[in-house]
Enquirer: 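To start, I am sharing the structure in question, which I have written as structure tokens.
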There are 2 protein chains.
Amino acid sequence: MTKPRTKIQAKNHAAILDAALDVFSQSGFRGATLDQIAEAAGLSKPNLLYYFPSKDLVYTSLLNGLLQTWLDPLRAMDPNGDPAREILGYVRRKVELSRDYPRESRLFANEMLQGAPRMKHILQTDLRDLVAQKAAVLETWMAEGRIARVNPVHLIFSIWALTQHYADFDVQVRAVLGPGHDPFAEADDFLTILYQRLLSPD
Amino acid sequence: MTKPRTKIQAKNHAAILDAALDVFSQSGFRGATLDQIAEAAGLSKPNLLYYFPSKDLVYTSLLNGLLQTWLDPLRAMDPNGDPAREILGYVRRKVELSRDYPRESRLFANEMLQGAPRMKHILQTDLRDLVAQKAAVLETWMAEGRIARVNPVHLIFSIWALTQHYADFDVQVRAVLGPGHDPFAEADDFLTILYQRLLSPD
DNA sequence: GTCTATACTCTGATAGAC
DNA sequence: GTCTATCAGAGTATAGAC
């Protein structure tokens, strides 16, 4: 992974990662080929391998940082803010992520389906810690009666599942809705109602 | 695809499909290899190709019928039953499917991530029709005030997303929960509460 | 029905000319 | 930095012996 020094290097470097995101997010690590990535990036295969010495390094370059940006909205949930506002804001930002970065969502989903061979450790450490921390915040809000009681960790799971579904199962959602729908706008409306009803204190 | 006539044929046929489910559900169509499937089935590669003339036919044999069994619980939702009971029963059966048939869930998820090249048509026809029909049932219940108002199609999406998440993202769920948890039992509890609160008429 | 051998293509990766 | 040429191995699939 050459550090981009010149403009042409930076451009090719970015083109490769963008192309790789296309291909890996659709076919997974094993299903993707360097030929496809090189073609999508507008480079020859040897030239691609000049920038990234191996297929694995292209893939892990994409994964690195993905979880971080993916979790930024959760990190942003403020313990001192208004509970409903914080949670609904998190849901909304996750819907926006699914709408604006569906390839990243699918790349992540692919890695999970494979059993997360390259991410398992970070899931068990960084992710687990962050969820524990935010679950504690949710518990506090519940104890104070500011939101209704519910399993806080599964509450977080539900937000992930519901928002990422619209990116990962995009084909299915559109096939069922048919033309003339904006899945993400409808998702935002639906999920706002869902979490309001779930979390309204009695 | 030979029709199983002898006992040994039936056994090998089943062994191949079971092995293929393992491999395809983890790596997707392109990422899976006949070598892996043959080895897992305890057969040689040529022998595998004696039963299924091509990789594609093994894969499509798995897909055929998958959507049908996957949707049986939705089909079973009875318009004449008690609304809350019918919906919560559907959720429960979907959780059980995720628990008992996670490979099928992941195979389906893989196909969706790839853009559903082999299922798009059936999604736009059979699936769409079934959802429209059941959404109409839900609308009726809402109009009668027996459950709270909410977008019925997205309600169905939410059940799919929330239940299948526990099969498809099993690694992540377990990594975050840590040992000593039963993800599916907890999911059942959480989702029962979620849908009770979402759908209780005021 | 099952095996060995093999054809042929694709895939990841390298060498070396320019 | 980029290209052509190429390699070794893996991949799907077939032929043919037993």
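These numbers come from a predicted model, not from an experiment.
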Enquirer: Under the salt bridge (charged side-chain N to carboxylate O under 4.0 Å, His left out) definition, can you give me all pairs with a residue in residues 57-70 of chain A, not counting sequence neighbours?
Expert: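 Every pair satisfying salt bridge (charged side-chain N to carboxylate O under 4.0 Å, His left out) with a residue in residues 57-70 of chain A: there are none.
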
Enquirer: Starting from C1' on dG1(C), measure out to CD1 on I16(B) and report it in whole angstrom.
Expert: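 That distance rounds to 12 Å.
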
Enquirer: If a protein heavy atom is under 4.0 Å from the base, mark B; if only from the sugar-phosphate, S; if neither, -; do that for nucleotides 12-18 of chain C going 5' to 3'.
Expert: BBB----

Enquirer: Per the end-axis method with five pairs at each terminus, what is the bend angle of the helix from dG1(C)-dC18(D) to dC18(C)-dG1(D), to 10°?
Expert: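 Between the first-five-pair axis and the last-five-pair axis there is 10°.
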
Enquirer: How would you list, by chain and number, every residue that makes a salt bridge (charged side-chain N to carboxylate O under 4.0 Å, His left out) with D18(A), sequence neighbours excluded?
Expert: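 D18(A) satisfies salt bridge (charged side-chain N to carboxylate O under 4.0 Å, His left out) with R103(A) once adjacent residues are dropped.
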
Enquirer: Quick test of your reading: applying salt bridge (charged side-chain N to carboxylate O under 4.0 Å, His left out), list the pairs with at least one residue in residues 155-181 of chain A, sequence neighbours left out, ordered by first then second residue.
Expert: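 Listed by first then second residue: D170(A)-R174(A).
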
Enquirer: When rounded to the nearest 0.5 angstrom, what is the spacing between NZ in K120(B) and CE in M112(B)?
Expert: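 Reported to 0.5 Å precision, the distance equals 10.5 Å.
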
Enquirer: Find the distance F52(B):CZ to dG11(D):P and express it as a whole number of Å.
Expert: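 To the nearest whole Å, that distance equals 20 Å.
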
Enquirer: Return no unless some side-chain N or O of Y50(B) is found under 4.0 Å from OP1 or OP2 of dG1(C).
Expert: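 So the side-chain polar atoms of Y50(B) do come within 4.0 Å of the phosphate oxygens OP1 or OP2 of dG1(C), strictly under.
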
Enquirer: Test: side chain to side chain donor-acceptor pair (under 3.5 Å). Region: residues 110-119 of chain B. Which pairs qualify, not counting sequence neighbours?
Expert: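 Passing the test, one end in residues 110-119 of chain B: D56(B)-R118(B), Y59(B)-E111(B).
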
Enquirer: Under 4.0 Å: is that the gap between some side-chain N or O of N47(A) and OP1 or OP2 of dT4(D)?
Expert: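 The answer is no; no side-chain N or O of N47(A) sits under 4.0 Å from OP1 or OP2.
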
Enquirer: Which pair of non-hydrogen atoms, one from Q36(A) and one from V23(A), has the smallest distance, and what is that distance?
Expert: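 Heavy-atom minimum between the residues: OE1-CG1, 3.5 Å.
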
Enquirer: Under 4.0 Å, counting only non-hydrogen atoms across every strand here, what does L43(B) touch: a base, just sugar-phosphate, or nothing?
Expert: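 It contacts nothing in the nucleic acid.
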
Enquirer: Measuring to OP1 and OP2 of dT2(C), would you say a side-chain N or O of Y51(B) lies under 4.0 angstrom away?
Expert: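 Yes, Y51(B) has a side-chain N/O under 4.0 Å of OP1/OP2 on dT2(C).
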
Enquirer: Side chain of K134(A), backbone of M77(A): donor and acceptor closer than 3.5 Å?
Expert: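 Indeed, once roles are kept as given, a pair shorter than 3.5 Å links the two residues.
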
Enquirer: Below 4.0 angstrom from OP1 or OP2 of dC3(D), is there any side-chain N or O of S44(A)?
Expert: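 Checking S44(A) against dC3(D): at least one side-chain N or O falls below 4.0 Å of OP1 or OP2.
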
Enquirer: Got a donor-acceptor contact below 3.5 angstrom from the S158(B) side chain to the L155(B) backbone?
Expert: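 Answer holds: yes.
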
